[in-house]
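The next block holds one structure in the form of C-alpha cells; read it before the comments.
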Amino acid sequence: MTIELQPPVDDPIVVDDLERLSFRVDRRAYTDDDVAAQEMAKIFDRCWLYLGHESEVPEPGSYVSRDVGGRPVVMSRGSDGQVRVFANSCTHRGALICSQPAGQAKSFRCPYHDWTFSNQGDLVGVPIPDGYGPGFRKADFGLAQHRSDSYRGFVFVTFDPEQPRTLTEYLAGATEYLDLIDDQSEVGMEVIQGAQLHGAQANWKLMMENSVDIYHFRALHKRYVSYMQSLGSVPPRRRGGFGRSLGLGHGANELPPAAARPLAHWTPMFPEEVRPSIEATAARFVERFGAEHAERITGTNRALLIFPNLLIIDAIAITIRKIDPIGADRMAITSVALAPKDEDPEIRELRKSHYLTFLGPAGFATPDDIEIVESCQRGYGNRTVRYSDLSRGMNKEIPETTDELPAREFWRQWDRLMHGDDGHFEAAHQAELEGAEQL
Ligand code: FES
Ligand code: FE
C-alpha cells in the first residue's frame, strides 16, 4: 500500500462548486485503501478525538479502557482525583496493561512480567529488580500520557503533540450544542452504564453523513413513523428546522419543537403518570433559562456531528456514538446513552426504553440505517457511477434539516486535512457559513 501525501490536485475527491451549487464526493473516498490509510495519518493522528465522558470515571481509581483513533488507551481517575489518559501499552515490552473495559483500580499490573503502574501512571513495582543495572530508573518507565482535555464533561484526546488548537478552539461552534446538552441537569449528566458495541460493513463516513441526514427520515424509517403515529405522537415534520455549519468540520441539525422528549416535553406517546414529573421539570427549566431558551433545550431535537467521528443525537433520548474506521469498508460503532444524573427513576426507565426502541442497534431506526449504509457500500462496488451528490440546500441562505449542509461542512474539513491544510475557512465558503450563522 502506498501513501501519497498529496493527492493529485487535478483529480480531487471533493468537488465543491459554489457557482453551479454542486457538491460531489468521489466514491473512492469510501472504497479506496490508500484513502483509508491517509485518513489515519492526516485526520485520526491529528485531530482532537472523543474518548468518553467524565461520569464514566466518577471516583478516584475509576478507569475505562477503549480504542480511540485505532489506539488502545486507558482513561484513569488517579487517587489524586485527576483524570489522565495513558497509552494502554506496557513500557517494558508492550502488552496491554489493562484488559478490562471498565473498573476500579489503585494500580495496573501488566500480565506479562508483572510490572505495576499506579493509577497516576507511575511505575511502582518491578519484580526481581536486581536484574537491572544502576542506570535503570523506574521514573523513566511511567506510562506514556496523552494530551487530553474535557469540555462540559466530554473528554477528548489528541495524539498530535503539535495540535495547535486547545480543545475549546477545536470544538468551535459545537460548544453551543454541548452546552445545550450539559445544561439539561443542574447536577451534571452521566453515561448510563453499559455500551452497545456493533458495526457495519461500510465506510465510517457513511454513518457520519447518515446521522445528520434528516432527508431520509420519513423514507427509510417508515415503520417508526407509523409506530409513533399509532401512539398519537407527531413524528418529525417533513419540512422545517435548520442545518448549521459550526466550523472546523462540525455541524448540526435542529428540528422544530413538538417532538416527544422524556426530559421536559410530554406527549401522548408517554404514560399519563409521568406527565406531572415531566411538566415540573419543564417549569424548572423556564425558571433557570427563561421560556425561549428553555424551549430550545427541552423541546427541540438535535443531531450534532463533531469532526471527525463523534455523533450526539439529542432527541427522544441522548445517544453518544463514536464511529471508528476499520479499513475502507468496515466500521465499529460504540453507543452509550447520556442522561441527567438526578433524573426521576420512572423517567429514566422511559428514556432507556425509547433509547432502545429507536436508537439502539435493535431499535426501529438503527437497523434501517446500518442496512442502508451497507447498501451504499455495495452500490459503490459497481464503480460505474463516480460521484455521490451532497448539494441539497446550497441554493438556500438558511438550509433546512432535510438539506445536506452539516455533511458538506464535514467533507470540507476532511478535504482540507487530507490536503495538509490546518483547517481555516476558505473565503469562498463564507457565504454559506454566514447564512447559517445568522440564526
Ligand atoms: Fe509488561 Fe513485561 S511487557 S511487564
Ligand atoms: Fe436514520
Side-chain angles (χ1 to χ4, degrees), residues 65 72 74 86-100 105 107-118 121-129 131-132 136 138 140-144 196 198 200 202 204-228 235-238 241 243 251-253 255 259 301-305 311-319 321 323 331 333 335 354-377 390 392 401-404 406-407:
S65 76
V74 179
F86 299 115
N88 189 359
S89 179
C90 181
T91 47
H92 179 218
R93 300 242 297 272
L96 299 178
I97 51 105
C98 178
S99 53
Q100 297 299 315
S107 59
F108 299 101
R109 184 184 297 259
C110 176
Y112 202 171
H113 312 93
D114 272 353
W115 281 27
T116 303
F117 302 87
S118 77
D122 303 315
L123 176 62
V124 292
V126 174
I128 329 176
Y132 293 105
F136 179 88
K138 282 201 283 215
D140 295 336
F141 288 91
L143 294 174
Q196 290 162 328
H198 58 121
W204 66 281
K205 300 184 291 298
L206 283 166
M207 190 51 80
M208 300 309 294
E209 292 172 355
N210 170 278
S211 299
V212 285
D213 170 13
I214 310 294
Y215 191 31
H216 77 260
F217 190 90
R218 281 185 178 254
L220 188 66
H221 302 308
K222 286 190 181 76
R223 278 179 314 149
Y224 185 66
V225 169
S226 42
Y227 167 71
M228 285 173 97
R237 287 179 227 145
R238 204 173 265 282
N253 265 325
L255 268 71
N301 287 343
R302 291 171 286 271
L304 172 66
L305 183 160
L311 295 156
I312 304 181
I313 316 293
D314 181 10
I316 197 151
I318 303 174
T319 180
R321 277 184 189 161
I323 311 291
M331 72 179 99
I333 304 170
S335 295
H354 282 281
Y355 172 79
L356 293 173
T357 306
F358 181 59
L359 297 160
F364 271 102
T366 304
D368 299 336
D369 292 320
I370 299 284
E371 199 173 328
I372 208 68
V373 295
E374 291 186 341
S375 164
C376 292
Q377 192 77 26
L390 289 145
R392 277 188 71 83
T401 53
T402 47
D403 294 325
E404 291 162 338

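Computed from heavy atoms alone, side chains included, the values below leave out hydrogens, waters and symmetry copies. Just follow the structure's listing: the first ligand is 1, and inside any ligand the first atom is 1. On a predicted model such as this, the values are computed, not experimentally measured, just so you know. Numbers here simply count residues along the sequence, with the first being 1.
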**Asked** Is there a donor-acceptor contact under 3.5 Å linking the side chains of R321 and T366?
**Response** yes

**Message:** So if I apply the side-chain contact (heavy atoms from CB on, under 4.5 Å) rule between N253 and each of T402, T401, L305, which one comes out positive?
**Reply:** T401

**Request:** Please identify which atoms of ligand 1 are closer than 4.0 Å to at least one heavy atom of W115.
**Result:**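 So the answer, numbered in order with elements, is 4 (S).
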
**Message:** I need the atoms of ligand 1 closer than 4.0 Å to a non-hydrogen atom of C110, numbered in the order shown.
**Reply:** 1 (Fe), 3 (S), 4 (S)

**Request:** Determine whether more than 12 heavy atoms belonging to other residues, nucleotides or ligands lie under 6.0 Å from atom OH of Y112.
**Result:** no

**Request:** Decide, counting backbone as well as side-chain atoms, whether H92 has an N, O or S atom less than 2.8 Å from atom 2 (Fe) of ligand 1.
**Result:** yes

**Request:** Among all protein heavy atoms, pick out the one at the shortest distance from atom 3 (S) of ligand 1; state its residue, atom name and that distance to 0.1 Å.
**Result:** R93 N, 3.3 Å

**Protein heavy-atom partner closest to atom 2 (Fe) of ligand 1 - residue, atom, separation in Å** =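 Atom 2 (Fe) of ligand 1 sits closest to the protein heavy atom H113 ND1, 2.0 Å.
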
**Request:** Before accepting this row, confirm whether a basic side-chain N of the pair K222/D368 lies closer than 4.0 Å to the acidic partner's carboxylate O.
**Result:** no

**Message:** With a 3.5 Å distance limit and no angle check, can you tell me whether N88 reaches the backbone of L96 through a side-chain donor-acceptor pair?
**Reply:** no

**Request:** Give a yes/no answer: is there an N/O/S atom of C90 under 2.8 Å from atom 1 (Fe) of ligand 1?
**Result:** yes

**Prompt:** F117 ring centre to R109 NZ or CZ under 6.0 Å, with the angle to the axis within 45°?
**Reply:**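 So R109 doesn't make the cation-pi contact.
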
**Message:** Could you identify the N, O or S atom of H216 positioned closest to the Fe ion (ligand 2)?
**Reply:**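 Looking only at N, O and S atoms of H216, the one nearest the Fe ion (ligand 2) is named NE2.
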
**Asked** Is it true that some N/O/S atom of D369, main chain or side chain, lies under 2.8 Å from the Fe ion (ligand 2)?
**Response**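 For D369, the answer is yes, given that an N, O or S atom comes within less than 2.8 Å of the Fe ion (ligand 2).
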
